[in-house]
Amino acid sequence: MTEELIQREMPGAAEAKILRRPQDALFCNMELPLRGTFFPLGYPVEILTNDYEVLRAAHESFGHAQFSRMAATLQLRFGVSHEGGYECPAEPTRREYGHLYSLVADVNNQSLLDLRTCISFTWLTRAAVRNRLYFRLNFLEKVVYLLLGASVVTDLHAACVSKSGRGILIFGDSGAGKSTLAYGCARAGWTYTSDDTSYLINGSNPPRVIGHAHRARFRPSAKSLFPELECRELTPRLEGKPSIEVPTSEPIRSTSAESTIDSIVYLARNSSASARLTALPRGTARQRACQELYSAGEIRAKHEKILECLSEVPTYELEYSDLNDAIQALDLLTRSGEPNDNPVVESS
């Protein structure tokens, strides 16, 4: 009841129904009396808003995480207005120039971000926020991870698992099987950290990554490999890709939100190949990871320098067709001693 009363009062506080001054049309003085602090990837993020639905959505996206890293608290502002009608807007268009970034769905639903100062403001209609999944995927999570990526981590399109304290970062093209292999390893007793996105901690030595260890996401075709996924419904993801999402608390015994990187593997799935690890030249991981960066402009230049830490990590190509054979091949990299001593690992 208290929330309802506050929300009834807030529209008058957030925006005047009769604009008394020309600058009022800019919503430049929108009041944001509600606050909540969350810890995506373990980093403190404070969200300021004038609508409880924003905080509820943030809890759904980040409520699983707890504070674990010292860093300056990022402040994100989300102002919700009554303008713009009752229909959920389209997926926002993204644009970047230098350190400036925008997400624009329409005139009433947009985000502006300064990636250098990590200052942002998002204007939204109530219709956009009430569609909580739309809001989370298209604005809330994008803004949060863009700012974290500009300040404390570097996004990598890679999965991560570990065994016996040795972490393996798994790269591959879209559809190469990163999520499937990571989940298969976890079902076989490995420690699971992430499925297809890992976040390199800037300045970590040896390199360490953070992952979304609380959940796993798959393409619909994964149902044929893992029977427990058969009854799972498809859900949308960023960029509109349908997926199956499961909380890792159900099928996986060991998870860790963070892992060191002791080996890097690039997947090369081949329907007629037996599992084989081939050592790649020094610096391959850094070169390929730079090519696959999500970032652009001056943030990309910063990330390319940070990725130099991957140059000395032993890197391999894994050619495989059978999932279980691939898991056995990865197991070679977790044993004590140099993996090149094992005859199954071939050097190019």
Side-chain angles (χ1 to χ4, degrees), residues 155-163 166-200 209 211-213 215-230 232 234-235 237-248 251-252 254-256 259 261-280 284-285 288-289 291-292 294 310 313-334 339 344-346 348:
D155 305 21
L156 300 173
H157 189 200
C160 182
V161 291
S162 59
K163 185 177 181 181
R166 298 181 65 84
I168 300 177
L169 198 60
I170 304 172
F171 285 92
D173 295 336
S174 181
K178 298 181 294 296
S179 300
T180 300
L181 182 54
Y183 186 73
C185 287
R187 290 172 88 242
W190 293 51
T191 297
Y192 173 90
T193 294
S194 63
D195 51 8
D196 69 350
T197 302
S198 300
Y199 300 87
L200 177 66
V209 298
H212 299 296
R215 52 93 170 141
R217 290 172 171 172
F218 310 89
R219 290 171 176 262
S221 58
K223 289 184 177 184
S224 63
L225 294 172
F226 307 121
E228 63 268 28
L229 304 181
E230 189 61 40
R232 295 282 180 174
L234 297 183
T235 59
R237 294 178 60 176
L238 294 179
E239 322 309 336
K241 298 177 183 178
S243 69
I244 302 169
E245 180 172 332
V246 296
T248 52
I252 295 176
S254 178
T255 63
S256 175
S259 175
I261 300 304
D262 300 284
S263 302
I264 295 173
V265 170
Y266 282 86
L267 300 184
R269 190 156 55 181
N270 187 326
S271 60
S272 60
S274 57
R276 175 184 301 176
L277 281 167
T278 303
L280 296 176
T284 298
R288 291 192 181 182
Q291 293 172 350
E292 298 176 3
Y294 297 113
L310 300 183
V313 180
T315 304
Y316 307 87
E317 180 181 77
L318 172 57
E319 191 176 11
Y320 77 103
S321 59
D322 181 77
L323 178 62
N324 291 325
D325 289 346
I327 296 172
Q328 292 180 16
L330 289 184
D331 189 61
L332 297 172
L333 302 179
T334 68
V344 178
V345 179
E346 301 183 357
S348 58

- Query: Taking Thr334 for the side chain and Arg166 for the main chain, is one N or O donor matched with an acceptor at less than 3.5 Å?
  - Reply: no
- Note, Leu318 side chain near Leu181 side chain (heavy atom, < 4.5 Å): yes
- Message: Any non-hydrogen side-chain atom of Arg276 less than 4.5 Å from a side-chain atom of Tyr320?
- Response: no
- Is the shortest heavy-atom distance from the side chain of Ser194 to the side chain of Val209 under 4.5 Å? no
- Message: For a 4.5 angstrom cut-off between non-hydrogen side-chain atoms, does Asn270 reach Ser321?
- Response: no
- Query: Any cation-pi pair here, Arg288 with Tyr266, using under 6.0 Å and within 45°?
  - Reply: yes
- Query: Taking the side chain from Thr193 and the backbone from Gly211, do they hold a donor-acceptor pair closer than 3.5 Å?
  - Reply: no
- Determine whether Arg215 and Asp195 make a side-chain contact, defined as any pair of heavy atoms from C-beta on separated by less than 4.5 Å. yes
- Between Lys178 and Asp173, is there a donor-acceptor pair closer than 3.5 Å when you use the side chain of the first and the backbone of the second? yes
- Query: Between His212 and Tyr199, is any pair of side-chain heavy atoms under 4.5 Å apart?
  - Reply: yes
- Query: Does Ser254 offer a backbone N or O that forms a donor-acceptor pair with the side chain of Ser256 under 3.5 Å?
  - Reply: no
- Could you check if a side-chain atom of Ile170 sits within less than 4.5 angstrom of a side-chain atom of Leu330, using non-hydrogen atoms only? yes
